[in-house]
Protein chains: 2
Amino acid sequence: MKPNVGIREVAEHAGVSVGTVSNVLNHPKNVTPANLAKVQQSMIELGFVRNDLARQLRMGAGSTIGLVVLNISNPFFADLAHALEAEAEVNGHTVILGSSDQDAEREDRYIDLFEEQRVRGMLIAPLHGVTPRLSRLRSRGTPVILFDSSADPEHFCSVTLDGTAGGYMATNHLIDTGRRKILFAGGPFSQVGERLTGASKAAREHDGVTLSLMETNDLTVAEGREVGNKILAMPTTSRPDAIFAANDLLAVGILQSLILASDLSVPDDIALIGYDDIDFAASTMVPLSTIRQPRELIAREALRLLHEESDAGSGHVHGRHLFTPELVVRESTRPAERADA
Amino acid sequence: MKPNVGIREVAEHAGVSVGTVSNVLNHPKNVTPANLAKVQQSMIELGFVRNDLARQLRMGAGSTIGLVVLNISNPFFADLAHALEAEAEVNGHTVILGSSDQDAEREDRYIDLFEEQRVRGMLIAPLHGVTPRLSRLRSRGTPVILFDSSADPEHFCSVTLDGTAGGYMATNHLIDTGRRKILFAGGPFSQVGERLTGASKAAREHDGVTLSLMETNDLTVAEGREVGNKILAMPTTSRPDAIFAANDLLAVGILQSLILASDLSVPDDIALIGYDDIDFAASTMVPLSTIRQPRELIAREALRLLHEESDAGSGHVHGRHLFTPELVVRESTRPAERADA
DNA sequence: GATGCCAAATGAAACCTTTCAGCTCCAGGC
DNA sequence: GCCTGGAGCTGAAAGGTTTCATTTGGCATC
């Protein structure tokens, strides 16, 4: 079998010019039905497969979209990637994925790699906000959409979730269900700052509500368990009556520790709310209340902006697109039996 | 800023020929230090970024690897993808990911798409084994590595896990810890056939051990909970004393139902073992015993075979590479208090 | 029968790189 | 002073596609 069947071989075999074959592929309506049939027949017989590299080279714009996430092991990013991929596929685009694993060097490598591949655009959850490398990339013409609220809206489009609103929402919900001694667990604080800000705002607005903090190194199940154990180690009287965990993984870990201590009930003794609404949140021992981030919407909006930016050229106005998350109430924050204080 | 700075502009700016610029990029040792410096300086000044599309076109071989998995929402595949991506990145390759979501049409679309992109090779977890489309792809010269044990080892390389061994191992472990009435839960059976085969082999080899089956539609947490509820609905005397769940998601669901029924203890009344060793398995309420599939090894071997197949051309011998999984014992199969029957 | 028009087909140029045969130039050997 | 050899550089060709200015052919109009 011939290794490389090109448009030229097809043209020759069908007795037409290469231009016509190209038209069959891209503008079939400009081709006589007779020729169309002949060409398609030849394609099949020769086993022709269009070479997308040459196509993209010629057209200048790739059909690939680069995605760089912080950590693909985090179900939130995995789901986001899945949503983006599904959404991109609708337009015939392909997503190439890079997981920076919270490493600036890896992030840089992926950005360079994707730029060399002439991706149509990049979607990035940046580790340290907008780096010079990112600015250069942008100024060279590659559309960039950030998942980061600290991005300068003058020069970059960003799609973000309103972490402050989410934190506020979660904390208010705890207060509404009668809790007063609230613990915020999460960290590093630099990464969950907005959620914390929202939480502390809500706490300040209510008399008699105290907010204490417990910083973690990471947002994992294992860290969550440690948080849980620390709480169990507290004297009963000083324990919080509600915990706001900065993400669901952490919440799952906390839940595990607390439930193991059989003298403590969630939600009766301590309410618990997480963040992200990962698929597991609904399936934990005590189904977890959480803040849902509308992944599909984010995915759709990010791609919409990407296309806008790459199509509209200069007419496009950058901006920060903020999504408001949504409270999902499940069992873990059911009002305590003893009603509100 | 000039939109497209090519090798030609760089050459002109540096006062050398395009060939020399190309050599700077690909064979720096053949270039005078003086020229090398000049060219590199020009590259920086002009903001040159090598166009990988043209490069791949010219070189004939892409640097991208296509991966098609059954369902990226399954943590096992997510982790596999992650491992593959990390491994590929070492060689400067990029992985493009497609999730067929168990849909044959989507699988086909991705295969076509990737072939048009002239990927260096494809890694596929096929839905229905080797389809004609796959054979065509292969015969046109794209290396294909399958994650499927039913593949014809004459014509395809495959990297698979010995599901029979895993099933045997899991079941034997249950028997070793004193269980006799074992339930295999999972499905559709067509997808978990090997595990079932292994389980039934182990059961047959031991007198007094019975194996019953419960088929599920899918391998999800939700299905697992249903399985759990069905078991709880059984009269106490006919309940199994051990469950082998065909994957961890299922096991997690089962565990949740069983634990909620406070009169039943895992592992004292019913032991439970899963399959895959997803990250969550260690973090469930009762840490889950499971069968670990060596993801990193699989990833490495798959890529090794891919390179071998694409380099060695005809000298390469296809084959089926079987990995033996590994038993991971955790709390959920601790021998029952009352010792063996 | 000549003219004009439009749809359809043509084929060369362009996209950007790598490769490679051939060229230049210089050092060293005789 | 001439020749040889080799290091370094050059520039055209190739890789497969799309685009577009031209050409072709058919048909209606006058």
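Lettering follows sequence order; numbering is per chain, from 1. Values in this document were obtained by computation on a predicted structure and should not be read as measured data.
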Checklist line | Spacing of NE2 belonging to A:His318 relative to CD belonging to A:Glu308, to within rounding of 0.5 Å | finding: 10.0 Å
Next item on the list: Side-chain contact test, heavy atoms from C-beta onward, threshold under 4.5 Å: evaluate it for B:Leu123 versus B:Leu303 and give yes or no.
Entry: yes
Note to self: So that I can tick it off, tell me whether A:Glu116 and B:Arg55 are bridged by a salt bridge, with the cut-off set at under 4.0 angstrom between side-chain N and carboxylate O.
What the structure shows: no
Next item on the list: Write down the distance between CG (B:Leu46) and P (C:dC16), rounded to a whole number of angstrom.
Entry: 14 Å
Notebook entry, point to check: Is any side-chain heavy atom of B:Arg118 closer than 4.5 Å to a side-chain heavy atom of A:Asp52?
Noted result: no
Next item on the list: Using atom CG of A:Asp52 as one end and atom P of D:dG16 as the other, report the distance to the nearest whole Å.
Entry: 14 Å
Item checked: Closest approach of A:Asp148 to A:Pro126 (non-hydrogen atoms, all atoms of both residues) -> OD2-CG, 3.5 Å
Item checked: Length of the CD-C1' vector between B:Gln56 and D:dT17, whole Å -> 15 Å
Check: Just by distance, do the side chain of B:Glu107 and the backbone of B:Leu127 share a donor-acceptor pair under 3.5 Å?
Finding: yes
Notebook entry, point to check: Rounded to whole angstrom units, what separation is found between the CD atom of A:Glu12 and the P atom of C:dA9?
Noted result: 19 Å
Notebook entry, point to check: Axis-to-axis angle across the helix from C:dG1-D:dC30 to C:dC30-D:dG1, five pairs an end, to 10 degrees?
Noted result: 60°
Note to self: In this structure, how many angstroms lie between the P atom of D:dT17 and the CG atom of A:Asn51, rounded?
What the structure shows: 6 Å
Notebook entry, point to check: A:Leu57 CG to C:dT17 C1': how many Å, rounded?
Noted result: 8 Å
Check: So do A:Glu87 and A:His93 actually touch side chain to side chain, heavy atoms under 4.5 Å?
Finding: no
Item checked: Closest heavy-atom pair and its distance - A:Ser158, A:Arg320 -> OG-CG, 3.4 Å
Interface polar pairs with nucleotides 18-20 of chain C, N/O, under 3.5 angstrom:
unit_1: C:dT18; atom_1: OP1; unit_2: B:Asn26; atom_2: OD1; d: 3.4
unit_1: C:dT18; atom_1: OP1; unit_2: B:Asn26; atom_2: ND2; d: 3.1
unit_1: C:dT18; atom_1: OP1; unit_2: B:Arg50; atom_2: NE; d: 3.4
unit_1: C:dT18; atom_1: OP1; unit_2: B:Arg50; atom_2: NH2; d: 3.4
unit_1: C:dT18; atom_1: OP1; unit_2: B:Arg55; atom_2: NE; d: 3.2
unit_1: C:dT18; atom_1: OP2; unit_2: B:Ser22; atom_2: OG; d: 3.1
unit_1: C:dT18; atom_1: OP2; unit_2: B:Asn26; atom_2: ND2; d: 3.3
unit_1: C:dT18; atom_1: O2; unit_2: B:Arg58; atom_2: NH1; d: 2.4

Next item on the list: Please tell me if the side chains of A:Leu134 and A:Met122 come closer than 4.5 Å, counting only heavy atoms from C-beta onward.
Entry: no
Note to self: Go nucleotide by nucleotide along DNA chain D from the 5' end; which of B:Thr20 and A:Val49 gets its closest nucleotide reached first?
What the structure shows: B:Thr20
Next item on the list: Please report the closest heavy-atom contact between B:Ser63 and B:Gln56, naming both atoms and the distance.
Entry: OG-OE1, 2.8 Å
Item checked: Per B:Arg8 side chain, nearest of listed nucleotides C:dC15, D:dG16, C:dA9 -> C:dC15
Check: Have A:Arg304 and A:His321 got a donor and an acceptor in their side chains that come within less than 3.5 Å?
Finding: no
Notebook entry, point to check: Under a 4.0 Å heavy-atom cut-off, which of residues 28-38 of chain A touch DNA chain C?
Noted result: A:Asn30, A:Val31, A:Thr32, A:Asn35
